There are 2 protein chains.
Amino acid sequence: MRKRIPEATIRRLTHYLRCIEFIKETGAEILQSRDLAAFCSISDSLVRRDLSYFGEFGTKGVGYSINDLEKHIKKILGIDKIKKVGLAGVGNIGMALLNFPLLKNGFKIEAAFDIKEDLIGKRVNGVPIFHENEMVKIFRDKKLEIGIIAVPQHAAADVANTMIEGGVKGILSFALIQCPLKKKIPIRYIEIAAELEILSYEIEKEE
Amino acid sequence: MRKRIPEATIRRLTHYLRCIEFIKETGAEILQSRDLAAFCSISDSLVRRDLSYFGEFGTKGVGYSINDLEKHIKKILGIDKIKKVGLAGVGNIGMALLNFPLLKNGFKIEAAFDIKEDLIGKRVNGVPIFHENEMVKIFRDKKLEIGIIAVPQHAAADVANTMIEGGVKGILSFALIQCPLKKKIPIRYIEIAAELEILSYEIEKEE
């Protein structure tokens, strides 16, 4: 296990990647820490401190080669090689994800799963949709490392445990998983309703 | 401005709401703090501490009336009245949101905005789609309190400032907003690529 880096630093690394994607489109090849700072509305010294966690890269007074910096950050985040993803649930959110250009971020959805018969056997954006009862086998066969859960909340825990049985290494879930899982693996949540509710609280608090 | 409550407590209140929605479907009318604790995989005492932030409600040994607890939490979160929402960007994510049952959480998307001519004038799930150049007027006319940004990243800051000009009180953005905004209002992010990247980091760290 590597040394512990604050999550806020890791999140800023992802913002640096967004900045790099953005600046690359202009054709630039060199980037200064102040470019990253301006993009993220943070201080120059914070950028330099974040990057120093991972050793020196960049030349003082010259800046960073954009390609080197991108490679370096992707290596830290473990996306220097494509990570294979299985998606459970092809409803509104699942369908949006299948049409989302995740591959440019280093993630490839290799298989999707649902229980609705009219979806099974179809492809969306090239990704085949299987019945959920094939999930363990396909996660194992295709060596899917990441599972995305976009099923209704009542089904989320079962789906998570099924993915774990299939050998998944980490889960991103759009539904709250209620019970403890068979095995402890990294789980992250995207809770759309909760974010709106917290925003509503913050708005009321200001008034 | 009210007293400061930790964000973790506010987030757990949203989880309690999920639990209440879940338990209401069983027809139950009374809830114990241990039901909330089990649902969220946290301790009973943490639940009681969270709820005590907002004064005593519930009867010792009897538990909470589900309806009262729901009303109380919704009041704290400012969703005891429906909050009106404007959505910018009717792409994959925007379309998913228009089809998402946000109303049961207390949020009503009243208008959506895009720049693609073939979308403008249409309705999705009853919500009219306008051209983005009507955003200020419609935010003002309809008194939209919350803005959801689901446009490409390079357009996000302009859209945020336009919403602010329209009088929005808080923003939920799926794209990183790069520059400082005209006015400081609560902003929350849902960054799908970043969540996957952080998950990837956590997976690598475990190995």
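What you see is a predicted model; the values in this text were computed from it and never measured. By convention in this document, chain letters (A, B, ...) are assigned in the order of the sequence lines, proteins followed by strands, and residues within each chain are numbered from 1.
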Sidechain N-carboxylate O distance under 4.0 Å for R188(A), E202(B) = yes
Assess whether atom NZ of K182(A) is packed by more than 12 heavy atoms of other residues, nucleotides or ligands within 6.0 Å.
-> yes
Exercise: identify the closest heavy-atom pair between Y201(A) and I5(B) | OH-CG1, 3.1 Å
Engaged part of F100(A) at the chain B interface, taking heavy atoms whose separation is under 4.5 Å | both
Part of E195(A) lying under 4.5 Å from any heavy atom of chain B = both
Quick one: closest heavy-atom pair of A194(A) and R18(B), and the distance?
-> N-NH1, 4.0 Å
Segment of I93(B) engaging chain A (4.5 angstrom heavy-atom cut-off) | both
Atom CG in L196(B), atom CD1 in I146(A): separation rounded to 0.5 Å?
-> 5.5 Å
Give, for atom CD of E7(A) and atom CD1 of I198(B), the distance between the pair rounded to the nearest 0.5 Å.
-> 5.0 Å
Would you say R34(A) has more than 12 foreign heavy atoms packed within less than 6.0 Å of its CZ?
-> no
I185(A) portion near chain B, given a 4.5 angstrom heavy-atom threshold | neither
At a heavy-atom separation under 4.5 Å, does A157(A) approach chain B through its side chain, its backbone, both, or neither?
-> neither
Heavy-atom neighbours of I115(B) CD1 exceed 12 at 6.0 Å = no
Contact winner vs chain B - V85(A), L13(A), N105(A), L17(A), heavy-atom pairs under 4.5 Å = N105(A)
Among E21(A), M95(A), Q153(A), who wins on heavy-atom pairs under 4.5 Å with chain B?
-> Q153(A)
When the 4.5 angstrom heavy-atom criterion is applied to F107(A) and chain B, the contacting part is side chain
Engaged part of L176(A) at the chain B interface, taking heavy atoms whose separation is under 4.5 Å = side chain
Of all the heavy-atom pairs spanning L77(B) and E204(A), show the shortest one and how long it is.
-> O-CG, 4.4 Å
When E145(A), K83(A), K74(A), K169(A) are each screened for side-chain contact (heavy atoms from CB on, under 4.5 Å) with S200(B), the one that passes is K83(A)
Heavy-atom pair count under 4.5 Å with chain B, highest-scoring of I148(A), I171(A), I187(A) = I171(A)
Is the closest side-chain heavy-atom distance between E191(A) and R11(B) below 4.5 Å?
-> yes
Tell me, side chain or backbone of L102(A) under 4.5 Å from chain B's heavy atoms, or both, or neither?
-> side chain
Nearest heavy atoms of L199(B) and G170(A), plus distance in Å = CD2-C, 3.9 Å
What residue in I192(B), N92(B), I177(B), L98(B) has the most heavy-atom pairs under 4.5 Å with chain A?
-> N92(B)
